[in-house]
K.L.:
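Quick one: this structure, given as structure tokens, is what I'll be asking you about.
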2 protein chains.
Amino acid sequence: MSRRIDSIIQTAEKLFSENGFVATSMRDIARSEGIEVASLYSHINSKDELLEKICFRIADEFITAIHEVNDIYFNAEEKLRMAVRLHVNIITRDLDASKVFLKEWRHLKEPRLSEFKKLRHEYEDGFRRILINGENENVFETHDKKFAVLTILSALNWITEWYRTDGNMTPDEIADHLTDFILSGLKVKSSVESK
Amino acid sequence: MSRRIDSIIQTAEKLFSENGFVATSMRDIARSEGIEVASLYSHINSKDELLEKICFRIADEFITAIHEVNDIYFNAEEKLRMAVRLHVNIITRDLDASKVFLKEWRHLKEPRLSEFKKLRHEYEDGFRRILINGENENVFETHDKKFAVLTILSALNWITEWYRTDGNMTPDEIADHLTDFILSGLKVKSSVESK
DNA sequence: CCTACCGATCGGTAGG
DNA sequence: CCTACCGATCGGTAGG
């Protein structure tokens, strides 16, 4: 009974991620679903609503994940490893929706746009808290925590640009590789000679 | 005499980067220029052509930079530092165009789309060559060079998401921070305990 | 660089 | 879920 609405959202995720929100027409979605455009509006109210549903579902998954990590795990290094794993798992499990979340959110209309930005900041704060923990434990060392968080998230999010389900790395392998890379940049060092 | 065409392209860079290629209409561009839509077509042939001009100009800058680095500088660490600096400089100097280059290229039409992808691969190859040099010099260590290149470029490209001209870091400072971060992940290590 | 205009397509609705 | 349709806007052209 709620089959069709789920199918419509899934189709929207696929088409929005492939061609972008603006370049995808309701006619494209209807054609993929094998129904008429007008019939879509028995299940949803507007094209904007489709974008909102997709963006906020993924936002909720990210938020839930980072809170879980910050509530449960103790050691900062272990927290970071867990946060990266959960992030990569969300992205790889839900690749189309994640692409929409990352690249199409700017087409959200107010007031949803502002709500969305708030959730993004909340997520970044969760990562920042892990770095602060690491500093207090004397295992991490970061000149600029905001800068570090953005660099970390950039590496995690760029996965959407090259990840293929049929690739030769599992999500956890990708996550662990990235975590090692990140940790080597964060850990307290005795000697770093550069420049 | 070629003032207007330059102004049109600059306006297109700004609007495409702010609202996306598809969501920007030729009427929007004309309004910004203070002329009628039809008048735009005395200077350009199509909306697609505007996107092409922007994407390929930035692509050329990246390609020129990486070839320069790979032709001139000898030491792998120094090459990496230079490549990152040039990359960050292009992005920060030409922020709007770089955003279009990074986020709107998929709206290019064939055969230009394929040409564009080729240039991107060429650029990635340039970075990969630096990592190979580093391995031969026994200063870098990478399990998966393709993975490493994508991670590095992701960190470099994500700059467009948060960089502000009025921020408190100069492009070279950003580049050096990032290079240090990257180098700590690439360098040969005696002891790494993780997991 | 403008006036005047075109066919195509858009998101969405009325009414069943 | 469909038929029939709407006003708005799109990229672009003819002709000056």
Side-chain angles (χ1 to χ4, degrees), chain A residues 1-56 96 100 103-113 116, chain B residues 1-56 96 100 103-113 116:
Chain A
M1 88 193 182
S2 64
R3 265 278 161 53
R4 180 60 86 176
I5 173 71
D6 293 340
S7 172
I8 290 173
I9 292 172
Q10 216 174 317
T11 297
E13 288 169 356
K14 182 160 173 274
L15 295 177
F16 290 172
S17 83
E18 276 173 9
N19 312 313
F21 172 72
V22 185
T24 302
S25 70
M26 295 303 277
R27 271 131 183 111
D28 293 333
I29 297 175
R31 197 179 313 120
S32 273
E33 287 289 310
I35 60 180
E36 292 299 317
V37 203
S39 308
L40 288 173
Y41 292 90
S42 318
H43 302 96
I44 54 153
N45 293 314
S46 68
K47 190 186 175 188
D48 289 333
E49 191 187 279
L50 278 174
L51 181 62
E52 290 170 13
K53 276 194 155 56
I54 297 167
C55 288
F56 280 89
D96 285 331
V100 176
K103 298 175 72 175
E104 305 297 329
W105 61 267
R106 60 176 164 172
H107 297 294
L108 289 168
K109 307 288 181 296
E110 294 290 3
R112 303 294 273 158
L113 179 59
F116 181 86
Chain B
M1 90 194 182
S2 64
R3 265 278 160 54
R4 180 60 87 178
I5 173 71
D6 293 340
S7 173
I8 290 172
I9 292 173
Q10 215 174 318
T11 298
E13 288 170 357
K14 182 161 173 275
L15 295 177
F16 289 173
S17 82
E18 276 172 9
N19 313 313
F21 173 72
V22 185
T24 302
S25 70
M26 295 303 277
R27 270 129 184 113
D28 294 332
I29 296 174
R31 197 179 313 119
S32 274
E33 286 288 311
I35 59 179
E36 292 300 316
V37 203
S39 308
L40 289 173
Y41 292 90
S42 319
H43 302 96
I44 54 153
N45 294 315
S46 67
K47 190 187 176 188
D48 289 332
E49 192 188 277
L50 278 174
L51 182 62
E52 289 170 13
K53 276 193 157 52
I54 297 166
C55 288
F56 280 88
D96 284 331
V100 176
K103 297 176 74 175
E104 305 298 329
W105 61 268
R106 59 176 164 170
H107 298 294
L108 289 168
K109 308 288 182 293
E110 294 289 5
R112 303 293 273 158
L113 179 59
F116 181 86

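FYI, side chains are in, hydrogens and waters are out, and symmetry mates aren't considered; it's all heavy atoms of this structure. Naming: A, B, ... by sequence-line order, numbering from 1 per chain.
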K.L.:
Are A/His43 and A/Glu33 packed together at the side-chain level, in the sense that at least one heavy-atom pair is separated by less than 4.5 angstrom?
P.N.:
no

K.L.:
Look at the rings of B/Trp105 and B/Phe116 and say which category their plane angle falls in: under 30° parallel, 30 to 60° tilted, over 60° perpendicular.
P.N.:
parallel

K.L.:
So does B/Asp28 pair up with B/Arg31, basic N to acidic O under 4.0 Å?
P.N.:
yes

K.L.:
When every nucleotide of nucleotides 4-16 of chain D is labelled 5' to 3' by its protein contacts under 4.0 Å (heavy atoms), B for base, S for sugar-phosphate only, - for none, what sequence of letters results?
P.N.:
------BBBBB--

K.L.:
Any strand is fair game: report the nucleotide pairing with C/dA4 by Watson-Crick or G-U wobble, both distances under 3.5 Å, or none.
P.N.:
D/dT13

K.L.:
Around atom CD of B/Glu52, are there more than 12 heavy atoms from other residues, nucleotides or ligands closer than 6.0 Å?
P.N.:
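Counting other residues, nucleotides and ligands, CD of B/Glu52 exceeds 12 neighbours.
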
K.L.:
Do B/Asp48 and B/Phe21 make a side-chain contact, defined as non-hydrogen atoms from C-beta onward lying under 4.5 Å apart?
P.N.:
yes

K.L.:
Looking at every non-hydrogen atom in both residues, tell me the closest pair between A/Leu40 and A/Met26 and how far apart they are.
P.N.:
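Answer, listing the atom of A/Leu40 first, then A/Met26: CD1-O, 3.4 Å.
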
K.L.:
Rounded to the Å, how far apart are B/Arg3 CZ and C/dC1 C1'?
P.N.:
18 Å

K.L.:
Taking atom P of C/dC1 as reference, at what distance in whole Å does atom CD1 of B/Ile35 sit?
P.N.:
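Distance, rounded to whole Å: 5 Å.
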
K.L.:
Using atom CD1 of A/Ile29 as one end and atom P of D/dC1 as the other, report the distance to the nearest whole Å.
P.N.:
15 Å

K.L.:
In whole Å, I'd like the distance from the CD atom of A/Glu36 to the P atom of D/dC2.
P.N.:
5 Å

